[in-house]
Amino acid sequence: MRDDFASIPKLGFGCMRLPLTDPDDRTSIDLEQFKAMVDTFMDAGGTYFDTAFSYHDGASETALRQALVERYPRDAYTVATKCPAAFLPTKEAAHATLATSLERLGVAYLDFFLLHNLGSARTAKFDEYGMWDFARRAKEQGLVRNVGFSLHDGPDVLDELLTAHPDMDFVQLQVNYLDWDDPHAQARRLMEVAERHGVPVVIMEPCRGGRLCELPEEAASVLAEAYPAVTQAEWAYRFCWDLPNVITVLSGMSTLEQAQQNTASYQAHQPLSADERAVLGKAATAVRALAPVPCTGCNYCVEGCPAHVMIPTVMEILNLEAMTRNPDFAKATYGWQTEAGRASWCIRCGLCERVCPQSIDIIHQLETAAEKYE
């Protein structure tokens, strides 16, 4: 890994879920609390801040300027932001986000610029809009120092993208101990693909959207009985901090207390021992045991589906709800992960059930998902 990447502390500050003064207004960021969180993070030696054009409807970038950029010298931090081209109506609108982000952040250049949320049908928009060449030109012009992308898809897609775009400086991937050996998320394989291509990783969702901080009792008791002083969040971060080929691990902090706890955990952290890894494995197994659908992500059902329903993804989200016992989180995840093939598109032809090695009642499960999430 490059020396400038290796020097970045492994705890990064994710600015996606900032504190609000009005819970019904995503733009009402509590600036004074955010400033205190930034100060806590910086005092602990943190440097990496991750935001995006669309976080908090654009208010995240502006708040980061006020809390960080206007209060600290430019060489004291690194800032990353992202372009959500797949959700923008035109090529011109997608290209314009960079100038807007630079203005909102109040910086002359970005340390890290990401093409945001690739995967599934979303990737086509980045190709259509010429975003790869646009990002390269921005780097040549000095507006961006490092170019990469964030991905919500499988290792085969990651391999295809890194093969097609070998000049990417980094990639941002969802990695956590629950997804590590999961047949759908395949976090281990994602990390292996990135390392094989020589591309370092920024880890996102180490706590799986906060769900690994709110474990069901079946898993929480495993951890608490073995190591009562270790918080659930600390388990999740420690799993990721010492993985190879990692630039930093993002923590989407929402309160000053979280910033204080996470920075203290980082400063005190030690690599997981063999016994700790075994305990964490038991907890992950306990969570996975709650999954009701025995889908292995083989994709046989997808290959012949005339309606192009994203069947394994739908099954994964049904299991996610059961494992986290959080229907709102599952519904929100379903909303963007299945946009290329909703459960309600099923025409009940039965082709999927005839080829499923696990004999899953797929049609019934799709009906359940459509009722729950659409």
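Model, not experiment: these values are computed from the prediction.
- Put simply, the side chain of Ser60 never gets that close to the backbone of Thr51: no donor and acceptor are under 3.5 Å apart.
- For the side-chain contact (heavy atoms from CB on, under 4.5 Å) with Met315, the lone residue among Cys295, Pro294, Pro292, Cys301 that qualifies is Cys295.
- Cluster partners of Val302, using a side-chain heavy-atom cutoff of under 4.5 Å among ILVMFWY residues and allowing indirect links: none.
- Between the side chain of Glu353 and the backbone N or O of Ile363 there is at least one donor-acceptor pair closer than 3.5 Å.
- For Glu195, the salt bridge (Lys or Arg N to Asp or Glu O under 4.0 Å) test picks out no residue, with sequence neighbours left out.
- For residues 351-374, the ring pair (Phe, Tyr, Trp, His ring centres under 6.0 Å) pairs, not counting sequence neighbours, are Tyr334-Tyr373.
- Counting only residues at least two apart or on different chains, the ring pair (Phe, Tyr, Trp, His ring centres under 6.0 Å) pairs with a member in residues 207-258 are Trp180-Phe239, Tyr227-Trp235, Tyr237-Trp241, Trp241-Tyr266, Trp241-His269.
- Counting only N and O atoms by type, the side chains of Glu61 and Ser101 include a donor and acceptor under 3.5 Å apart.
- Asp242 meets the salt bridge (Lys or Arg N to Asp or Glu O under 4.0 Å) test with no other residue; sequence neighbours excluded.
- At a cut-off of 3.5 Å, with distance as the only test, no side-chain donor of Asn176 or Arg211 sits close to an acceptor on the other residue.
- A donor-acceptor contact under 3.5 angstrom links the side chains of Thr27 and Asp25, judged on distance only.
- Tyr300 belongs to a hydrophobic cluster with Val355, counting contacts under 4.5 Å between side-chain heavy atoms of Ile, Leu, Val, Met, Phe, Trp and Tyr, direct or through other members.
- With side-chain heavy atoms closer than 4.5 Å counting as contact, directly or through intermediates, the hydrophobic cluster containing Ile8 also holds Met1, Phe5, Tyr48, Phe112, Leu114, Phe170, Val202, Met204, Ile247, Leu250.
- Looking at residues two or more places apart in sequence or on another chain, you find no ring-ring contact (aromatic ring centres under 6.0 Å, His included) involving Phe113.
- Side chains of Asp179 and Gln174: a donor-acceptor N/O pair is present below 3.5 angstrom, by distance only.
- Residue Leu351 shares its hydrophobic cluster (ILVMFWY side chains chained together at separations under 4.5 Å) with no other residue.
- There is a side-chain donor-acceptor pair under 3.5 Å between Ser344 and Glu374.
- A donor and an acceptor atom, one from each side chain of Asn117 and Ser150, are nowhere located under 3.5 Å apart.
- A salt bridge links Asp159 and Arg196; the closest N-O separation between the charged side-chain nitrogens and carboxylate oxygens is under 4.0 Å.
- With sequence neighbours excluded, the residues satisfying ring-ring contact (aromatic ring centres under 6.0 Å, His included) with His165 are Trp132.
- Of all heavy-atom pairs spanning Pro244 and Met191, the tightest one is O-CE, 3.7 Å.
- Residues Leu161 and Val171 form no side-chain contact, since every pair of their non-hydrogen atoms from C-beta on lies 4.5 Å or further apart.
- Between the side chains of Asp182 and Gln186, no donor N or O sits under 3.5 Å from an acceptor N or O.
- Residues passing the ring-ring contact (aromatic ring centres under 6.0 Å, His included) test with His184: none are found, sequence neighbours excluded.
- Side-chain contact check for Val107 versus Arg65: every heavy-atom pair is 4.5 Å or farther apart.
- Every residue meeting the salt bridge (Lys or Arg N to Asp or Glu O under 4.0 Å) condition with Glu218, not counting sequence neighbours, appears here in chain and number order: Arg325.
- Residues Phe49 and Phe41 place their aromatic rings such that the two centres sit under 6.0 Å apart.
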